[in-house]
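To start, the structure itself, in structure tokens.
Hydrogens, waters and symmetry mates play no part in the numbers below; they use all other heavy atoms, side chains included.
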Amino acid sequence: MPSNFKSLPIVDVSGLYSADPAARQRVADAIGAASRDSGFLYVVGHPIKDETRARLLAATMAFFARPAEEKMKSYIGLSKSHSGYVPPGEEVFYGQKPDRKEAFDVSLDVPEDDPDVVSGRTPMLGPVQWPDDAEFKAAVGGYYAEVADLARTLFRGFALALDLPETYFEAYLKKPPSQLRLIHYPFAPDAPADEPGIGAHTDYECFTILWPTAPGLEVMNGAGEWIDAPPIDGGFVINIGDMMEAWTNGTFVATSHRVRKVKEERYSFPYFAACDYHTLVEPLPQFVSPGEKPKFEPLVAGDHLLAQTAQTFQYLKKRIDAGTFKLPESARKLSSFGQEAIHASTDR
């Protein structure tokens with residue numbers, strides 16, 4: 001359970017790029033402390049340039065300014081690999097109201113003739129459904145490549161934080177279905193006061209690298225209080241996801257978070273750092289005491305991502321109802337991680 005924190009720590013990760021092992025370990029220790037205490041932190045000292053982010057924002061704003069019928073030509077339900085435009089109301093978390101955001105989802109751009117795509121065993125991998133816009137593809141694709149590189153560096157930091165070999169996670173990062181979402185929260189002053197930007201949830205992957213342009217993100221602390229996590233200059237918000245919680249047997253908690261009703265137009269760019277589709281994730285031995293039963297059963301990373309996605313996106317729910325799509329046998333219900341899962345287990 002996270003502590004009753006009131007703000008998020010800031011970690012300078014420039015030391016992860018140092019040739020000095022002690023410098024890398026100091027950063028890793030700070031990442032580990034934040035992951036245990038709150039599951040959320042800010043990082044600064046990364047190599048992603050302001051110009052790269054500015055180009056991404058400009059391309060994103062131009063796309064979302066298009067007429068709805070133009071955006072729907074890239075509707076995510078037309079994609080074979082869950083990429084494309086997500087209209088308002090498409091994504092709904094169980095028991096929550098539809099939110100007002102719109103988004104564009106991008107994953108690793110894998111060719112149609114790739115063996116994993118041809119096999120049909122990796123449904124979240126495949127060609128990205130790009131709109132007919134060369135600048136959009138260049139700006140978004142360029143940012144994706146740079147933030148993916150940052151994720152690989154952070155994976156090394158997490159490995160050191162867990163007393164693992166620094167390259168431990170690299171074996172699971174050959175072709176990860178890591179998603180980048182371009183999210184637009186339009187300002188709607190006449191919307192109901194309790195209408196969320198996005199409802200409370202945890203992220204499904206290992207960790208998230210988030211760049212928001214305006215306040216709105218709230219993080220739940222151990223007391224169940226919602227704590228503001230506003231943007232900081234040049235920084236990213238990092239939070240623990242379901243897979244890292246499972247790998248650490250709950251030592252790192254996938255902290256629940258939400259976006260409240262926004263007070264200004266807001267853009268948000270979360271990159272969900274995943275491991276390879278068929279990675280078997282189960283608690284590492286050093287986090288399970290002798291004679292103790294692990295808190296989490298083994299699960300396949302890609303199946304978990306697919307199952308959670310299918311329970312929130314309307315086009316996949318319709319396929320389930322029509323019998324044309326089945327959830328993986330290992331599918332967990334939504335909110336199976338983080339504080340909501342902890343509270344549910346203690347309430348029984």
Side-chain angles (χ1 to χ4, degrees), residues 16 31 35 79-83 105-129 141 143-162 164-181 202-209 238-249 252 254 270-287 294 296-311 313 316 326-332 336-337:
L16 290 178
I31 291 173
S35 299
S79 167
K80 296 179 180 178
S81 57
H82 192 70
S83 65
D105 287 4
V106 174
S107 192
L108 187 66
D109 201 351
V110 180
E112 193 91 51
D113 60 357
D114 180 276
D116 285 328
V117 178
V118 173
S119 74
R121 296 175 58 242
T122 55
M124 304 296 283
L125 279 177
V128 172
Q129 182 180 219
Y143 180 83
Y144 186 99
E146 291 195 24
V147 77
D149 283 345
L150 174 58
R152 286 180 177 274
T153 300
L154 291 175
F155 265 113
R156 293 196 292 271
F158 277 109
L160 291 173
L162 297 170
L164 296 168
E166 193 169 4
T167 58
Y168 178 83
F169 290 110
E170 290 184 7
Y172 309 114
L173 302 175
K174 305 300 183 185
K175 202 185 297 178
S178 300
Q179 293 181 311
L180 170 65
R181 304 201 76 190
T202 61
D203 293 339
Y204 315 141
E205 296 84 355
C206 295
F207 58 88
T208 301
I209 304 173
I238 308 295
N239 63 275
I240 300 301
D242 295 350
M243 296 298 92
M244 197 65 78
E245 180 174 326
W247 249 321
T248 64
N249 202 37
F252 291 178
Y271 174 87
F272 302 103
C275 46
D276 289 336
Y277 197 95
H278 298 296
T279 302
L280 184 67
V281 178
E282 56 186 330
L284 293 163
Q286 60 266 41
F287 295 104
F296 301 100
E297 296 292 330
L299 64 148
V300 176
D303 284 351
H304 178 67
L305 172 58
L306 177 62
Q308 299 296 289
T309 301
Q311 292 176 77
F313 276 77
L316 289 171
K326 283 187 176 183
L327 289 174
E329 292 184 5
S330 60
R332 293 168 180 251
S336 295
F337 291 83

>> Walk me through whether Trp247 and Thr279 qualify under side chain to side chain contact (heavy atoms under 4.5 Å, CB included).
In response: CA-CA 11 Å; Trp247 249 321; Thr279 302; 3.9 Å; yes
> How long is the span from the CG atom in Leu306 to the CD atom in Gln311, to the nearest 0.5 Å?
Replying inline: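 With rounding to 0.5 Å, CG (Leu306) is 10.0 Å from CD (Gln311).
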> What is the distance from atom OG of Ser83 to atom CG of Leu180, rounded to the nearest 0.5 Å?
Replying inline: 11.5 Å
>> Taking the basic N atoms (NZ, or NE/NH1/NH2) and the acidic carboxylate oxygens, is any pair closer than 4.0 Å for Arg156 and Glu170?
In response: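 Answer for the salt bridge query: yes.
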> Sequence neighbours excluded, which residues qualify as side-chain contact (heavy atoms from CB on, under 4.5 Å) partners of Ala159?
Replying inline: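 By the side-chain contact (heavy atoms from CB on, under 4.5 Å) rule, Ala159 matches Leu164, Tyr168, Phe169.
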>> Once side-chain contact (heavy atoms from CB on, under 4.5 Å) is applied, do any residues pair with Pro283, and if so which ones, sequence neighbours excluded?
In response: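 Expected list: Asn249, Val288, Pro294, Phe296.
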With side chains defined as the heavy atoms from C-beta onward, is the minimum distance between [X] and [Y] less than 4.5 Å?
{"X": "Phe207", "Y": "Phe155", "result": "yes"}
{"X": "Asp105", "Y": "Phe313", "result": "yes"}
{"X": "Leu305", "Y": "Gln179", "result": "yes"}

Got a donor-acceptor contact below 3.5 angstrom from the [X] side chain to the [Y] backbone?
{"X": "Glu205", "Y": "Phe272", "answer": "no"}
{"X": "Tyr144", "Y": "Leu108", "answer": "yes"}
{"X": "Asp203", "Y": "Gly241", "answer": "no"}

Shortest non-hydrogen contact between [X] and [Y], atoms and distance:
{"X": "Ser35", "Y": "Phe158", "value": "OG-CE2, 3.5 Å"}
{"X": "Ala254", "Y": "Thr202", "value": "O-CG2, 3.0 Å"}
{"X": "Pro176", "Y": "Ala274", "value": "CB-O, 3.3 Å"}
{"X": "Gly126", "Y": "Val117", "value": "CA-CG2, 3.8 Å"}
{"X": "Ser79", "Y": "His82", "value": "OG-N, 3.2 Å"}
{"X": "Ser107", "Y": "Met124", "value": "OG-O, 3.9 Å"}

>> Please list all pairs meeting salt bridge (charged side-chain N to carboxylate O under 4.0 Å, His left out) that have one or both residues in residues 111-122, counting only residues at least two apart or in different chains.
In response: Asp114-Lys175, Asp116-Lys175
> In a check of side-chain contact (heavy atoms from CB on, under 4.5 Å) between Ile238 and each of Ile209, Leu150, Thr208, Ile31, which one passes?
Replying inline: Ile209
>> Under the criterion side chain to side chain contact (heavy atoms under 4.5 Å, CB included), I'd like the reasoning laid out for Met243 against Leu299: C-alpha separation, chi angles, the key distance, then a yes or no.
In response: CA-CA 9 Å; Met243 296 298 92; Leu299 64 148; 3.4 Å; yes
> Where do Tyr172 and Val281 land on the side chain to side chain contact (heavy atoms under 4.5 Å, CB included) test, with the steps shown first?
Replying inline: CA-CA 10 Å; Tyr172 309 114; Val281 178; over 6 Å; no
